[in-house]
> 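Sharing a structure with you now.
Atoms within each ligand, like the ligands themselves, are counted from 1 in listed order.
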Amino acid sequence: MVHEAFYDPTSPEAHENPYPLYERLRDEYPLYYCEPQGVWVLSRHADVKQGLRDWETFSSAQGVEIGEYVQFFGEGSIQELDPPHHDTVRKVLAARFMNKRVKEYESMVRVCAEELIAELIKEPTADLGSQFTQSLPILTIFRILGIPDADIDWAMRSGLEMLSRPAGETGPSPRAAQLRSELVDYMVDQVESRRNPGEGNAYADDAFGDIAAGIDAGMMKVSEIQGLALLLIAAGMETTTSLMGNMVHALATGTVTPEQLLGDNGQVSATAIDEFLRFDGPAQWLARVTTRPVELHGIELPVGSRVLMSFASANRDPREFDRPDELVLDRDGARNLAFGEGIHFCLGMPLARLEARVGISTLIEKAPAFTLAAPPTRYPSHVIRGYETIPVSFDASSAF
Ligand code: HEM
């Protein structure tokens, strides 16, 4: 197909502001070939939704990333498995991340948010990125995994550095590969220490314990600990950070007021959270690979074509949403694809929503009003879109 080359997901332009590019993709090239990366791009809501539902045609088993990041997490990452094994391994963790179970984590998340805020408001300025929106999801997922407090600082630094993906780079650095291997060794030890708890003893009540039980029950292999545990860390870290970061940024710039975010119960409303996810979702896209020839928009895709499913473009599609480029906090966001669709639908959705609701509500309640003190910086990632740093100054004389 011959057309003007204007979209590359790894380009600085896409990193800076991908939305005008998405509009052009949807309107002019709903199936676009990005030659530098050798990938196709689907950008309309109906196409992305249909493609994600049809896992038999659009498989995840050959990895959901591009370049050398493909299958970076390794064996066991359910995001990169097809049924039936996908469903079996997902079951190992499913109960822990169900809505009912996740509610039990609410007080832990609240206490953690309160402690972080108490610390950061001691100074007149703070970086609400590293000191809050990053720390809260990381501390939460590490506690759910079962990482002991003494190791959390090390695991947090290693995880963040491992996941950093500078714009224009299509492969992990040697440093990222080294950190990945250190984290994997550590997590394999954690799981192994929880296996076969002995007659009459329960498995440890944490996600490492669930994985140990899954291995002992023959649902997954020891060699799959790496992919599953790394996926939980990655999925649990930057995504929720980015969602919360967008909300913090909107408060700091006055784009939204606390009154607009908070529902009748004094907590950030579910519709506001959905709308932030729709408007500028943390996961911009993930890929699939075709297992049979497919015809789309008059183009025949051969077997083995890598296709980016652009969640973020789908969520701005005017064919699906009225006034898609406006942040409308009471919008019915039920159809947005920020958490994906189909069998790979985000396992952590209840947790992400809980963290955003409790985290931002607690910030509004406990911190003085704040405004941006310097320009924020974004994650150097081509998949995840969100703020890494959000420097603010507090106005000690007024609450939000
Ligand atoms: C706002 C925050 C989050 C967003 C926007 C998000 C987004 C997504 C998306 C789009 C997918 C689908 C991937 C695909 O189709 O290939 C996904 C899958 C997944 N997410 Fe999340 N996620 C978030 C938070 C979390 C959290 C906190 C966890 C922690 C447990 C998590 C765990 C997972 C897992 C394990 C999968 C793979 C599910 C499967 O393949 O069956 N996510 N997420």
Side-chain angles (χ1 to χ4, degrees), residues 42 48-49 51-55 58-65 70-71 73 76-99 101-102 105 109 133-134 136-145 159 206-207 210-211 227-247 270 273-289 307-312 314-315 333 336-357 359-360 383-386:
L42 277 176
V48 175
K49 186 170 174 179
L52 292 171
R53 285 184 174 182
D54 184 3
W55 62 266
F58 294 96
S59 161
S60 297
Q62 292 174 59
V64 295
E65 257 271 17
V70 169
Q71 295 177 322
F73 296 146
S77 159
I78 48 173
Q79 214 177 354
E80 301 188 318
L81 285 173
D82 285 345
H85 195 46
H86 163 270
D87 304 0
T88 310
V89 181
R90 185 168 163 129
K91 253 188 222 129
V92 169
L93 289 169
R96 184 157 304 274
F97 290 99
M98 272 164 47
N99 219 351
R101 190 72 215 270
V102 162
Y105 302 132
V109 176
T133 62
Q134 272 175 30
L136 186 63
I138 297 173
L139 292 168
T140 303
I141 193 69
F142 282 178
R143 295 214 163 108
I144 293 174
L145 275 167
D206 52 36
D210 298 341
I211 297 175
L228 190 56
L230 284 176
L231 172 65
L232 283 182
I233 293 185
M237 272 167 63
E238 291 168 323
T239 49
T240 316
T241 296
S242 301
L243 166 62
M244 289 172 45
N246 283 347
M247 300 173 95
I273 293 174
D274 270 340
E275 178 64 352
F276 270 93
L277 286 163
R278 182 200 70 79
F279 186 73
D280 198 10
Q284 292 283 295
W285 51 264
L286 285 166
R288 300 291 190 263
V289 175
V307 184
L308 305 194
M309 302 287 177
S310 182
F311 312 116
N315 285 341
N336 94 57
L337 299 178
F339 287 115
E341 175 80 19
I343 62 162
H344 292 282
F345 187 81
C346 179
L347 182 72
M349 182 191 77
L351 178 62
R353 283 184 193 279
L354 174 92
E355 289 173 322
R357 173 173 60 78
I360 302 298
V383 176
I384 298 294
R385 182 171 166 80

> Considering Trp285, Trp55, Phe339 one by one, which has a heavy atom nearer to atom 11 (C) of ligand 1 than any of the others?
Phe339

> What part of Leu231 sits under 4.0 Å from ligand 1 if we count only heavy atoms: the side chain, the backbone, both or neither?
side chain

> Looking only at protein heavy atoms, identify the closest one to atom 34 (C) of ligand 1 and say how far it is in Å.
Leu347 CB, 3.8 Å

> Indicate yes or no: at least one non-hydrogen side-chain atom of Ile144 is less than 4.5 angstrom from one of Phe97.
yes

> Can you see which heavy atom on Arg90 is nearest to which on Phe345, and at what distance?
NH1-O, 2.7 Å

> Working to the nearest 0.5 angstrom, can you tell me the gap between Thr240 OG1 and Ile138 CD1?
10.0 Å

> Can you find an N or O of His344 that's nearer than 3.5 Å to an N or O of ligand 1?
yes

> So which bit of Leu286 gets within less than 4.0 Å of ligand 1, heavy atoms only: side chain, backbone, both or neither?
side chain

> Does even one non-hydrogen atom of His86 get within less than 4.0 Å of ligand 1?
yes

> Give the contacting part of Arg288 toward ligand 1: side chain, backbone, both or neither, where contact means a heavy-atom distance below 4.0 Å.
side chain

> Hey, could you give me the CZ/CG distance between Phe276 and Asn336, rounded to the nearest 0.5 Å?
13.0 Å

> Does Ala338 have a heavy atom less than 4.0 Å from any atom of ligand 1?
yes

> Could you tell me if any non-hydrogen atom of Leu228 lies under 4.0 Å from any atom of ligand 1?
no

> Supply the atom-to-atom distance Thr140 OG1 to Leu351 CG, rounded to the nearest 0.5 angstrom.
6.5 Å

> At a 4.0 Å cut-off, with the gap strictly under it, does some heavy atom of Arg353 reach an atom of ligand 1?
no

> Among Glu80, His86, Gln79, His344, whose side-chain hydrogen bond (donor to acceptor under 3.5 Å, both in side chains) with Ser60 holds?
His344

> What do we get for Leu277 next to ligand 1 when only non-hydrogen atoms under 4.0 Å count, side chain, backbone, both or neither?
side chain

> To check your reading of the model: name the closest protein heavy atom to atom 22 (N) of ligand 1, its residue, and the distance in Å.
Cys346 SG, 3.1 Å

